[in-house]
Amino acid sequence: MPELSHRRRMLVLAICCMSLLIVSLDNTALNVALPSMQRELHATTSGLQWAIDAYTLVLASLLMLAGSTADRIGRKRVFMAGLVIFTAGSLLCSLAPNLELLVVFRMVQAVGGSMLNPVAMSIITNTFTDPRERARAIGVWGAVVGISMAAGPLAGGLLVESVGWRSIFWVNLPVGLAALLLTLRFVPESRAPRPRRPDPVGQVLVIALFGSLTYAIIEAPDASLTKVVPFAAVAVAALLALLIYEPRRAEPLIDLRFFHSAPFSGATGIAVSAFAALGGFLFLSTLYLQNVRGLDALHAGLWMLPMAVPTLLCAPLSGRLVGSRGPRLPLLIAGAAMTVSGLLFALFEAETSNVTLFLGYVLFGVGFGFVNAPITNTAVSGMPRAQAGVAAAVASTSRQLGQTLGVAVIGAVLAAGIGSSPYRDTFVSAARPGWWILAACGGAVLVLGLLTSGRWAHRTAERTAERLETAEVRQPVSTSG
């Protein structure tokens, strides 16, 4: 890809951020709409879980395929296809007559979404070649998540109260079309110099692993063991098959050699933990504010601001710290803040007091704001640029898998705790194990940040990058798709 002017690079960054905005805005706004959807569509707690997880599950399953495909056939081409499918899926979601079709259309959305975030990150990585400039660009990218968290609940609450929950999906239509036209005009095409062949067996195994694991977790509180255990067994079998099959391929879907790098492995674990906490946090908070406190969607959205605003403010600061001092400090701040937030709810029932609820939201927003930039920067900076799409896709997959598991696990714990008891009377006690899980996720971010940001960890990253580059040079160029 030719070197672009500073102004053109900024424009490419803005276009890529537009894709992240509609994907993130859709998720945060939809969380606020869950109680309205529950009433209109007569959905159970597990039904609400599927409305969220159907999207993140498909997204997590296809991200690596999208990243490697973009590296092979062209990042701009795949990115534009993703915008078209995501926008069409949003239109279908707004027209869904029942929960079952909404889940199906959310999966269509996710197919398009899988072509956006990892491919956009790959475009950014190849556009911003200077490490410090790239870290700042990734900080801006992370700030967009904060913008979506700030605007999503408010916009979603306003739309739900004034028009209805279906209008949340309408927001994606003009933004998606604008991003499509701007991409066509201003984003240059790029691809990896040594394209990778598809790995259909690996892709099927990933779908089997993620899908069966999520189903087993979500349905565990309501289904019998005879229905859950087979899916759990499929998940274990798919995981073992991946570990055996993928190393035998010259060009695997998941290059397990990436995980020889301690920072990359740490970034993957941190992404799963942080986004599991985010998914569970949003799920519990939305149901509590509306179904227990009795707030309408707009006022519930306003209560999300103490979490969203710190995320917006801390994300670019985290990007600058990563660029100037490395990822350790942002990760320590993130892990500590998220852990304390979870403990406030688990130990002191923070949701029952306005002051502690506000403080818990602020702390979680600070933690999540600091965690995103070091994840992304660590995942892609130590890898060869030719494999930027795959590396970014693994990082994005970890995020979506974490969010999927967070909603699945926390929702299952909540459903098991409430059972047939009155919802309002038992919510706080039923949610307490979930808050403990979220505190543990914050602790995992803290510990992994300490373990994988030292000098020895950086040495493993350098050795891994050297081996990957050597292997790439030795492999013949693949011309078949």
- Would you give the length of the straight line joining atom OG1 of Thr397 to atom CG of Leu401, rounded to the nearest 0.5 angstrom? 8.0 Å
- Any side-chain heavy atom of Asn98 sitting closer than 4.5 Å to one from Leu101? yes
- Note on the structure: Sorted by chain and residue number, the side-chain hydrogen bond (donor to acceptor under 3.5 Å, both in side chains) partners of Thr56 (sequence neighbours excluded) come out as Asp53, Thr404
- Message: To the closest 0.5 Å, what do you measure between CG (Leu62) and OG1 (Thr69)?
- Response: 9.5 Å
- Query: How long is the span from the CE atom in Met80 to the CG atom in Leu116, to the nearest 0.5 Å?
  - Reply: 12.0 Å
- Query: Which value, rounded to the nearest 0.5 Å, describes the distance between Leu57 atom CG and Ile207 atom CD1?
  - Reply: 9.0 Å
- Message: Enumerate the ring pair (Phe, Tyr, Trp, His ring centres under 6.0 Å) contacts for residues 310-349, please, sequence neighbours excluded, ordered by first and then second residue.
- Response: Phe281-Phe345, Phe345-Trp435
- Where does the angle between the aromatic ring planes of Trp165 and Phe169 fall among parallel (under 30°), tilted (30 to 60°) and perpendicular (over 60°)? perpendicular
- Message: Pair Ile22, Val171 - check side-chain contact (heavy atoms from CB on, under 4.5 Å), show working.
- Response: CA-CA 8 Å; Ile22 57 175; Val171 177; over 6 Å; no
- Passes side chain to side chain donor-acceptor pair (under 3.5 Å), Glu219 versus Trp50? Steps please. CA-CA 10 Å; Glu219 299 299 329; Trp50 280 118; 2.9 Å; yes
- Item | pair Val428-Glu351: side-chain heavy atoms closer than 4.5 Å | yes
- Message: Pair Leu177, Leu181 - check side-chain contact (heavy atoms from CB on, under 4.5 Å), show working.
- Response: CA-CA 6 Å; Leu177 291 174; Leu181 295 175; 5.6 Å; no
- Does Phe368 reach the side chain of Met307, with side-chain heavy atoms less than 4.5 Å apart? no
- Item | Partner set under side-chain hydrogen bond (donor to acceptor under 3.5 Å, both in side chains) for Ser94, not counting sequence neighbours | Trp170
- Query: Any donor and acceptor pair, going by atom type alone, linking the side chain of Ser341 with main-chain N or O of Ala337 inside 3.5 Å?
  - Reply: no
- Item | For Ser212, side-chain hydrogen bond (donor to acceptor under 3.5 Å, both in side chains) partners two or more places apart | none
- Item | Minimum-distance pair of heavy atoms, taken over all atoms of Gln290 and Ala300 | CG-CB, 3.7 Å
- Query: Looking at OH of Tyr55 and CG of Leu102, how far apart are the two atoms once the value is rounded to the nearest 0.5 Å?
  - Reply: 13.0 Å
- Task: Side-chain contact test, heavy atoms from C-beta onward, threshold under 4.5 Å: evaluate it for Val160 versus Leu298 and give yes or no.
- Result: no
- If you look at every heavy atom in Met18 and Val175, which pair is closest and at what distance? CE-O, 3.8 Å
- Compare every heavy atom of Ala29 with every heavy atom of Gly156, then report the nearest pair and how far apart it is. CA-CB, 4.0 Å
- Message: Just so I know, are the side chains of Leu278 and Phe275 near enough to count as touching, which here means a heavy-atom distance under 4.5 Å?
- Response: yes
- Provide the closest heavy-atom pair for Leu99 versus Ala43 in the form atom of the first, atom of the second, distance. CD2-CB, 3.9 Å
- Message: Would the distance check show the side chain of Ser19 and the main-chain N or O of Cys16 forming a donor-acceptor pair, the cut-off being under 3.5 Å?
- Response: yes
- Message: Minimum heavy-atom separation for Phe259 and Ile254, please, with both atom names.
- Response: CE1-CG2, 4.2 Å
- Message: Treating Gln49 as the side-chain partner and Ile410 as the backbone partner, does any N or O pair qualify as donor plus acceptor under 3.5 Å?
- Response: no
- Task: Mind checking salt bridge (charged side-chain N to carboxylate O under 4.0 Å, His left out) for Glu161 and listing every partner two or more places apart, or none if nothing turns up?
- Result: none
- Which of these passes side chain to side chain contact (heavy atoms under 4.5 Å, CB included) with Leu48: Leu41, Leu287, Val407? Leu287
- Contacts satisfying salt bridge (charged side-chain N to carboxylate O under 4.0 Å, His left out) that involve residues 164-174 (not counting sequence neighbours) are Glu40-Arg166
- Item | Contacts of type side-chain hydrogen bond (donor to acceptor under 3.5 Å, both in side chains), residue Glu349, not counting sequence neighbours | Arg432
- At what distance, to the nearest 0.5 angstrom, does CG of Leu213 lie from CD1 of Ile218? 9.5 Å
- Would you indicate whether the side-chain heavy atoms of Arg134 and Thr127 approach each other to under 4.5 Å? no
Give every donor-acceptor pair under 3.5 Å between a side-chain atom in residues 353-361 and any protein atom, sequence neighbours left out.
| from | atom 1 | to | atom 2 | distance (Å) |
| --- | --- | --- | --- | --- |
| Ser353 | OG | Val355 | N | 3.4 |
| Asn354 | OD1 | Arg293 | NH1 | 2.7 |
| Asn354 | OD1 | Arg293 | NH2 | 3.2 |
| Thr356 | OG1 | Ala350 | O | 2.7 |
| Thr356 | OG1 | Ser353 | O | 3.2 |
| Tyr361 | OH | Ser285 | OG | 3.2 |

- Task: Give every residue pair that meets the side chain to side chain donor-acceptor pair (under 3.5 Å) criterion with at least one member in residues 263-284, sequence neighbours excluded.
- Result: none
- Task: Assess whether side-chain contact (heavy atoms from CB on, under 4.5 Å) is satisfied between Leu438 and Phe364, documenting all intermediate values.
- Result: CA-CA 10 Å; Leu438 299 188; Phe364 190 88; 5.6 Å; no
- Donor-acceptor pair, side chain of Thr87 and main chain of Val84, under 3.5 angstrom: no
- Decide yes or no for Leu30 and Ile52: does some side-chain heavy atom of the first lie under 4.5 Å from some side-chain heavy atom of the second? yes
List the atom pairs, donor and acceptor, that lie under 3.5 Å between side-chain atoms in residues 103-113 and the rest of the protein, sequence neighbours left out.
| from | atom 1 | to | atom 2 | distance (Å) |
| --- | --- | --- | --- | --- |
| Arg106 | NE | Ala51 | O | 3.0 |
| Arg106 | NH1 | Asp26 | OD2 | 2.6 |
| Arg106 | NH1 | Gln109 | OE1 | 3.1 |
| Arg106 | NH2 | Asn27 | OD1 | 3.3 |
| Gln109 | NE2 | Asp26 | OD1 | 3.4 |
| Gln109 | NE2 | Ser90 | OG | 2.9 |

- Message: Measuring only between side-chain heavy atoms, which start at C-beta, is Leu205 closer than 4.5 Å to Leu253?
- Response: no
List the atom pairs, with distances to 0.1 Å, where a side-chain N or O of residues 315-331 and a protein N or O form a donor-acceptor pair under 3.5 Å, not counting sequence neighbours.
| from | atom 1 | to | atom 2 | distance (Å) |
| --- | --- | --- | --- | --- |
| Ser318 | OG | Phe370 | O | 2.9 |
| Ser324 | OG | Arg320 | O | 2.9 |
| Arg328 | NE | Ser453 | OG | 2.8 |
| Arg328 | NH2 | Leu450 | O | 3.0 |

- Task: List in chain and number order the residues that pass side chain to side chain contact (heavy atoms under 4.5 Å, CB included) with Ala274, two or more places apart in sequence or in another chain; answer none if no residue qualifies.
- Result: Met338, Val371, Val445
- Note on the structure: Between Ala262 and Thr452 the two heavy atoms that sit nearest each other are O-CG2, 3.4 Å
